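Notes for the one structure printed next.
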Amino acid sequence: MKIKRMGRTGLKVSEICLGTMTFGNQCDLDTSLAIMDRAEAGGINFFDTADVYPLGGAQGMAGRTEEFVGEWMKQRGARNRIVLATKCRGQMGTKPNDVGLSRKHIVEAVEESLRRLQTDYIDLYQTHGPDPETPIDETLRALDDLVRSGKVRYVGCSNYRAFELARALWTSDRLGIARYDCDQPRYNILYREIENEVLPLCAAEGVGVIAYNPLAGGFLTGKYHKGQDVVEGTRFALNRAGAMYQQRYWKEAQFDSVEQLQHVTDAHDLSLAQVAIAWVLKNPAITSAIVGATGPEQLDQTLPATDLVLNEEILAACAEPWFNIPRPRDASVALR
């Protein structure tokens, strides 16, 4: 497992980050613990979660994923062995201030995350999406206070467009306060929008990038085929979240692209999933790719991607789909 530097910082993380949003809904506690054991055994020192997880959980389940991660760290004595990342911004209750990036919500949210995670500090605390109702300086000053207090070591963001990230970086620079040192955007063979502006901005400003959805919610494993029904128990069938993932990937053009790519990878006796992850990691602007699982055996299938070298034919096949997929009209951001 390669270790990379997070942007301009001195923080070192594994190039595969364990995504945990299946924990507590698709995975029970024992399975979640086994997945985290397998991840650490495979060299992963970087775990990512969020206060609103598990993905697709019923009302009242928010926070369960953090509880599972906290239980694993406590049982294994692993807190100081991993770089722990979590997020805030999503709806955590029914009151008006139980959502967003106001100072009030951020301060309350971090205390609740610390409690669930059974730790007194978070290595990387991320805003899960922009909040147009809160001034960016209010958000960043609150995050800066958390860094100065020692409850948070670094801060980052997720799902920000380039102008939103640039404005945040400028605000931090102007005020002399903590800045976003990493960005967590969606990025895979079927969705490359961030190549236009976000990745060049991050490279120029020394912002690390941890890409989520490198397998397009499992779509780039090749296990789904055109004409089949959505499979129960998969991300595409989850309560609430399933519709979002279908809107992203469950479309004719995406099915055709994956089928063509599968033919090429099969001809080279390569795993499509491993190729998809290796393709993301090949981009020099990417620090780490977030890989999740619903069972520890899935990590056995995906972790070898870190050693995979893609030849020119494979790279050409991976480059083709994005230019054959119709662009979505809806550019809204959804927390995932």
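Computation of the quantities below employed the complete heavy-atom set of this structure, encompassing side-chain atoms and omitting hydrogens, waters and symmetry-equivalent molecules. The structure presented is a predicted model; accordingly, all values stated were derived computationally and were not measured.
- Cluster membership for Leu220 and Leu270, using ILVMFWY side-chain heavy atoms within less than 4.5 angstrom, is shared.
- Side chain of Arg5 to backbone of Arg8: a donor-acceptor contact under 3.5 angstrom is found.
- Between Glu112 and Arg115, at least one side-chain nitrogen of the basic residue sits less than 4.0 Å from a carboxylate oxygen of the acidic one, meeting the salt-bridge criterion.
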| request: List the steps and the verdict of side chain to side chain donor-acceptor pair (under 3.5 Å) for Glu259 and His225. | output: CA-CA 8 Å; Glu259 183 179 354; His225 303 283; over 6 Å; no
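- Under the 4.5 angstrom side-chain criterion for Ile, Leu, Val, Met, Phe, Trp and Tyr, the cluster partners of Trp322 are Tyr191, Phe323.
- In summary, of the residues considered (Lys223, His263, Gln262), a side chain to side chain contact (heavy atoms under 4.5 Å, CB included) with Leu272 occurs for Gln262 alone.
- For the pair Ser172 (side chain) and Leu169 (backbone), a donor-acceptor distance under 3.5 Å is absent.
- Within the structure, no pair that satisfies the ring-ring contact (aromatic ring centres under 6.0 Å, His included) test touches residues 282-303, not counting sequence neighbours.
- Neither Phe163 nor Trp170 shares a network with the other; the hydrophobic side chains, linked directly or stepwise wherever heavy atoms of I, L, V, M, F, W or Y lie under 4.5 Å apart, form separate groups for each.
- The two atoms that bring Phe47 and Cys17 nearest to each other are C-SG, 4.1 Å, heavy atoms only.
- Inter-residue side-chain proximity for Met1 and Ile16 is flagged as met; some heavy-atom pair is nearer than 4.5 Å.
- For the residue pair Thr127/Arg89, the side-chain donor-acceptor check at 3.5 Å is not satisfied.
- Of all non-hydrogen atoms in Ile325 and Ser257, the two that sit nearest each other are CG1-OG, 4.1 Å.
- Both tests do not hold together for Arg248 against Phe219: distance to the six-membered ring centre under 6.0 Å, angle to the ring axis within 45°.
- Taking the side chain as every heavy atom from C-beta outward, Thr31 and Thr22 never approach each other to under 4.5 Å.
- Two residues are said to be in side-chain contact when any heavy atoms from C-beta on lie closer than 4.5 Å; Leu140 and Ile136 meet this criterion.
- A salt bridge does not link Lys151 with Asp120: none of the charged nitrogens is closer than 4.0 Å to a carboxylate oxygen.
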| request: Starting from the C-alpha separation in whole Å, work towards a yes-or-no answer on salt bridge (charged side-chain N to carboxylate O under 4.0 Å, His left out) for Arg167 and Glu164. | output: CA-CA 5 Å; Arg167 181 173 60 184; Glu164 293 165 328; 5.3 Å; no
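- With contacts defined as side-chain heavy-atom distances shorter than 4.5 Å, the pair Thr20/Phe68 does not qualify.
- In this view, Tyr180 and Tyr160 satisfy the ring pair (Phe, Tyr, Trp, His ring centres under 6.0 Å) rule, not counting sequence neighbours.
- Salt bridge present: Arg81 and Glu40 bring a charged side-chain N and a carboxylate O closer than 4.0 Å.
- Applying the side chain to side chain contact (heavy atoms under 4.5 Å, CB included) rule to Asp37 yields the partners Trp72, Arg76; only residues at least two apart in sequence or on another chain are considered.
- The aromatic rings of Phe236 and Trp250 sit tilted, their planes meeting at an angle between 30° and 60°.
- In this structure, Lys12 contributes its side chain and Gly10 its backbone to a donor-acceptor pair below 3.5 Å.
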| request: Before giving the answer on side chain to side chain donor-acceptor pair (under 3.5 Å), spell out for Glu71 and Gln75 the whole-Å C-alpha distance, their side-chain angles and the decisive distance to 0.1 Å. | output: CA-CA 6 Å; Glu71 186 62 27; Gln75 289 189 19; 2.9 Å; yes
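- A search for side chain to side chain contact (heavy atoms under 4.5 Å, CB included) contacts involving Ala305 returns Gln274, Ile277, not counting sequence neighbours.
- Within the 3.5 Å criterion, the main-chain N or O of Ala253 finds no donor-acceptor partner in the side chain of Asp256.
- Counting heavy atoms from C-beta outward, Leu117 and Leu114 have side chains that stay 4.5 Å or more apart.
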| task | Please lay out, stage by stage, how Cys27 and Ile35 fare under the test side chain to side chain contact (heavy atoms under 4.5 Å, CB included). | result | CA-CA 9 Å; Cys27 303; Ile35 291 170; 3.9 Å; yes
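- Sorted by first then second residue, the salt bridge (Lys or Arg N to Asp or Glu O under 4.0 Å) pairs that include residues 41-57, not counting sequence neighbours, are Asp48-Lys87.
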| request: Report the C-alpha separation of Gln298 and Thr294 in whole Å, then their side-chain angles, then the decisive distance to 0.1 Å, and conclude whether the side chain to side chain donor-acceptor pair (under 3.5 Å) test is met. | output: CA-CA 7 Å; Gln298 290 183 343; Thr294 54; 3.1 Å; yes
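- Considering every non-hydrogen atom in both Ile286 and Ala211, the closest pair reads CD1-CB, 4.3 Å.
- Of the possible polar contacts, none joining the Asn213 side chain to the Ala216 backbone as a donor-acceptor pair under 3.5 Å is found.
- Looking at Ser288, its side chain does come within 3.5 Å of a backbone N or O of Ser14 through a donor-acceptor pair.
- A donor-acceptor contact shorter than 3.5 Å links the side chain of Asn25 to the backbone of Gly56.
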| said: If you apply the rule side chain to side chain donor-acceptor pair (under 3.5 Å), what do you find for Ser158 with Gln126, and how did you get there? | reply: CA-CA 7 Å; Ser158 180; Gln126 304 158 97; 5.8 Å; no
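- Linking ILVMFWY side-chain heavy atoms closer than 4.5 Å, directly or via other members, places Leu238 and Val230 in a single hydrophobic cluster.
- Summarising the geometry of Ile82 relative to Asp123, their closest heavy-atom pair is O-OD2, 3.4 Å, with the distance given to 0.1 Å.
- Residue Ile210 shares its hydrophobic cluster (ILVMFWY side chains chained together at separations under 4.5 Å) with Met6, Leu11, Val13, Phe46, Val83, Leu124, Tyr154.
- The two residues Ile122 and Ser113 have their closest heavy-atom pair at CD1-CB, 4.2 Å.
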Quiz: residues 99-110 side-chain donor-acceptor pairs under 3.5 angstrom, not counting sequence neighbours:
| residue | atom | partner | partner atom | Å |
| --- | --- | --- | --- | --- |
| Ser102 | OG | His105 | N | 3.1 |
| Arg103 | NH1 | Asp145 | OD2 | 2.8 |
| Arg103 | NH2 | Asp145 | OD2 | 3.3 |
| Lys104 | NZ | Glu108 | OE2 | 2.7 |
| His105 | ND1 | Asn97 | O | 3.1 |

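- Electrostatic pairing of Glu67 and Arg64 does not count as a salt bridge here, judged by no charged N lying under 4.0 Å from a carboxylate O.
- Residue Leu84 is not grouped with residue Ile3 when hydrophobic side chains (ILVMFWY) are merged at heavy-atom distances under 4.5 angstrom, including chains of intermediate members.
- Thr306 contributes a side-chain N or O that, together with a main-chain N or O of Leu303, makes up a donor-acceptor pair within less than 3.5 Å.
- For the ring pair (Phe, Tyr, Trp, His ring centres under 6.0 Å) test, residues two or more places apart in sequence or in another chain that qualify with Tyr53 are His128.
- The existence of a salt bridge linking Arg179 and Asp173 is excluded, since no basic side-chain nitrogen approaches an acidic carboxylate oxygen closer than 4.0 Å.
- A donor-acceptor pair is defined here as one N or O able to donate and one able to accept, closer than 3.5 Å; no such pair exists between the side chain of Arg153 and the backbone of Tyr121.
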Show which side-chain atoms of residues 194-207 pair as donor or acceptor with protein atoms under 3.5 Å away, not counting sequence neighbours.
| residue | atom | partner | partner atom | Å |
| --- | --- | --- | --- | --- |
| Glu195 | OE1 | Arg192 | NE | 3.2 |
| Glu195 | OE1 | Arg192 | NH2 | 3.1 |
| Glu195 | OE2 | Tyr187 | OH | 2.5 |
| Glu195 | OE2 | Arg192 | NE | 3.1 |
| Asn196 | ND2 | Glu193 | OE2 | 3.1 |

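- Through ILVMFWY side-chain contacts below 4.5 Å, Met61 is grouped with nothing and stands alone.
- At distances below 3.5 Å, not a single donor-acceptor pair connects side-chain atoms of Ser32 with backbone N or O atoms of Phe23.
- For Ala317, the side chain to side chain contact (heavy atoms under 4.5 Å, CB included) criterion is met by Leu261, Val264, not counting sequence neighbours.
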